[in-house]
Amino acid sequence: MKIAVLGTGEVGRRLATKLVSLGHEVTMGSRTADNPEAAKWAEEHGGGAAGGTGGEAKGGTGAGSAPGSAPGTASGSAAHGTFADAATPAELVVNATGGLVSLAVLESVGADGLRGKVLVDVSNGLDFSEGFPPKVVTPDGGSVAEQLQKAFPEARVVKTLNTMTNTVMVDPGRVPGHHNVFLSGDDEDAKAVVAELLGSFGWASDRIIDLGDLSSARATEQLLPLWLRLYGKFGTGDFNLAVVTAPGV
């Protein structure tokens, strides 16, 4: 699958690397075509600039695999470019930018580059202007995910993975025992695509909780104050939240 990962921070690089390892054709998008972090990531995975030479990963064919491909069975391709370079030809777009700038990032792509596509939003609106822990910003009293869906109504926004650190996102086995990842979205088919992608990351189906429509992203984005306090308590992000129910539920 052709996947755009927007954002060159730790989260974007972690997700992009995992997706390449699963056989996908991944382009990392940034504000400029020569972003050093994006270029370094692509080079480390055998790629180069989007549309240029050297765009295939070492050992790869450039052909992406289905979302459910087993880890390690294929080598995908890596490239980098602007946000628009990455998103426009992609089949699926991952927003791994900071939630306070996500709308501006997607506006630089434009509605045509997002129309009809699954848009996986892993962002959180965190304001670090007063130090740590940051404040969680809720656009218009809602969520970043809803803000993006309103701005791009023909995109198919799914909120997920924003309640954990990036290493756990792509390797849930890092935290032993039962713990959960959440899905929010208005498009059932889009959520099914994302659930399959999560399965390829190692998330068992009984650990994926579909919270319903996109308004439920307000709840997961508001989990961040708790997560940040736990991070401060433990001194590590190697933990996750679990929903434990009574028998028969």
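Residue numbers count from 1 along this sequence.
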* Nearest atoms (heavy-atom pairs only) where Gly237 meets Thr165 -> O-CG2, 3.1 Å
* Nearest-0.5 Å distance, CG of residue Asn35 to CZ of residue Phe83 -> 8.0 Å
* Asked: Would you find a donor on one side and an acceptor on the other, under 3.5 Å apart, between the side chain of Asn124 and the backbone of Leu126?
  -> no
* Find out if a path of hydrophobic residues (ILVMFWY) with successive side-chain heavy-atom gaps under 4.5 Å connects Val243 to Leu224. => yes
* Asked: Would you say the side chain of Phe201 lies within less than 4.5 Å of the side chain of Val168, judging by non-hydrogen atoms?
  -> no
* Asked: Do Val122 and Val11 come close enough that some side-chain heavy atom pair is under 4.5 Å?
  -> yes
* Asked: Can you name the closest pair of heavy atoms from Ala4 and Ala86 and give their distance?
  -> CB-O, 3.2 Å
* Sequence-distant partners of Glu221, side-chain hydrogen bond (donor to acceptor under 3.5 Å, both in side chains), two or more places apart -> Lys159
* Structure fact -> Quick note, side-chain hydrogen bond (donor to acceptor under 3.5 Å, both in side chains) partners involving residues 232-249, not counting sequence neighbours, are Arg174-Asp238, His179-Asn240
* Which is it for Leu92 and Val94 under the side chain to side chain contact (heavy atoms under 4.5 Å, CB included) test, yes or no, and what are the steps along the way? -> CA-CA 7 Å; Leu92 181 146; Val94 178; 3.7 Å; yes
* Asked: Would a 4.5 Å heavy-atom cut-off, applied to side chains only, mark Leu161 and Val170 as touching?
  -> no
* Those residues that, when tested against Thr32, pass side-chain hydrogen bond (donor to acceptor under 3.5 Å, both in side chains) (two or more places apart) -> Asp34
* **Pairs involving residues 87-106, ordered by first then second residue, that meet salt bridge (Lys or Arg N to Asp or Glu O under 4.0 Å) (sequence neighbours left out)** => none
* For the atom pair CG (Leu241) and CG (Leu226), what is the distance rounded to the nearest 0.5 Å? -> 6.0 Å
* Return yes if some donor-acceptor pair links the side-chain N/O of Ser216 with the main-chain N/O of Asp213 below 3.5 Å, else return no. => yes
* Hey, does Val158 have a side-chain heavy atom less than 4.5 Å from the side chain of Leu183? -> yes
* Is a side-chain donor or acceptor of Thr220 paired with a backbone partner of Ala217 at a separation under 3.5 angstrom? -> yes
* Close side-chain approach of Met169 to Arg14, heavy-atom, < 4.5 Å -> no
* Asked: In the hydrophobic clustering that connects Ile, Leu, Val, Met, Phe, Trp and Tyr at side-chain heavy-atom distances below 4.5 Å, which members other than Val137 occupy its cluster, ordered by chain and number?
  -> Leu100
* **Reported NZ-to-CD distance for the pair Lys135 and Glu130, which is rounded to 0.5 angstrom** => 4.0 Å
* **Check: Thr88 main-chain N/O paired with Lys117 side-chain donor or acceptor under 3.5 Å** => yes
* **Ser30-Thr8 side chain donor-acceptor pair, cut-off 3.5 Å** => no
* Structure fact -> By side-chain hydrogen bond (donor to acceptor under 3.5 Å, both in side chains), Thr138 pairs with (sequence neighbours left out) none
* Structure fact -> Minimal heavy-atom distance between Val5 and Gly12, with the atoms involved, is CG1-O, 3.5 Å
* Structure fact -> Of all heavy-atom pairs linking Pro89 and Ala84, the shortest is CD-O, 4.1 Å
* Kindly indicate whether the side chain of Leu197, heavy atoms from C-beta on, has any atom under 4.5 Å from the side chain of His24. => yes
* Sequence-distant partners of Tyr231, ring-ring contact (aromatic ring centres under 6.0 Å, His included), two or more places apart -> Trp227
* Structure fact -> Sequence neighbours excluded, the answer for ring-ring contact (aromatic ring centres under 6.0 Å, His included) partners of Phe234 is Phe239
* Taking the side chain as C-beta and beyond, is there a heavy-atom pair between Phe182 and Leu223 under 4.5 Å? -> yes
* Distance-only, no hydrogens or angles: does the His80 side chain make a donor-acceptor pair with backbone N or O of Trp41 under 3.5 Å? -> no
* Quick one: list whatever passes side chain to side chain contact (heavy atoms under 4.5 Å, CB included) with Pro153, sequence neighbours left out. => none
* Asked: Any idea which heavy atoms bring Asn95 and Ser102 closest together, and the distance?
  -> ND2-OG, 3.0 Å
Under 3.5 Å donor-acceptor pairs involving side-chain atoms of residues 104-112, not counting sequence neighbours:
from: Ser108; atom 1: OG; to: Val105; atom 2: O; distance (Å): 2.5
from: Asp112; atom 1: OD1; to: Arg115; atom 2: NH1; distance (Å): 2.6
from: Asp112; atom 1: OD1; to: Arg115; atom 2: NH2; distance (Å): 3.1

* Out of curiosity, does Val244 fall in the hydrophobic cluster containing Val175 (side-chain heavy atoms, cut-off under 4.5 Å, transitive links)? -> no
* Asked: Rounded to the nearest 0.5 Å, how far does CD of Glu10 lie from CG of Asn166?
  -> 4.5 Å
* Structure fact -> Taken to the nearest 0.5 Å, the spacing of Leu214 CG from Ser143 OG works out to 5.5 Å
* Ser129: side-chain hydrogen bond (donor to acceptor under 3.5 Å, both in side chains) partners, not counting sequence neighbours -> Asp127
* Taking all non-hydrogen atoms of both residues into account, name the closest pair between Ala78 and Val20 and its distance. => CB-CG2, 4.2 Å
* Hey, is the main chain of Ala195 close enough, under 3.5 Å, to the side chain of Trp203 for a donor-acceptor pair? -> no
* Are Ile3 and Leu119 connected in the hydrophobic side-chain network, where two residues link if heavy atoms are under 4.5 Å apart? -> no
* Asked: Could you state the interatomic distance from CG (Asp189) to CZ (Arg156), rounded to the nearest 0.5 Å?
  -> 6.0 Å
* If two hydrophobic side chains count as joined below 4.5 Å and joins carry through other members, does Val120 share a cluster with Met28? -> yes
* **Residue pairs fulfilling salt bridge (Lys or Arg N to Asp or Glu O under 4.0 Å) with at least one residue in residues 199-210, sequence neighbours excluded** => Lys191-Asp210
* Asked: Is there a path from Val157 to Leu6 through hydrophobic residues (I, L, V, M, F, W, Y) whose side chains come within less than 4.5 Å of each other?
  -> yes
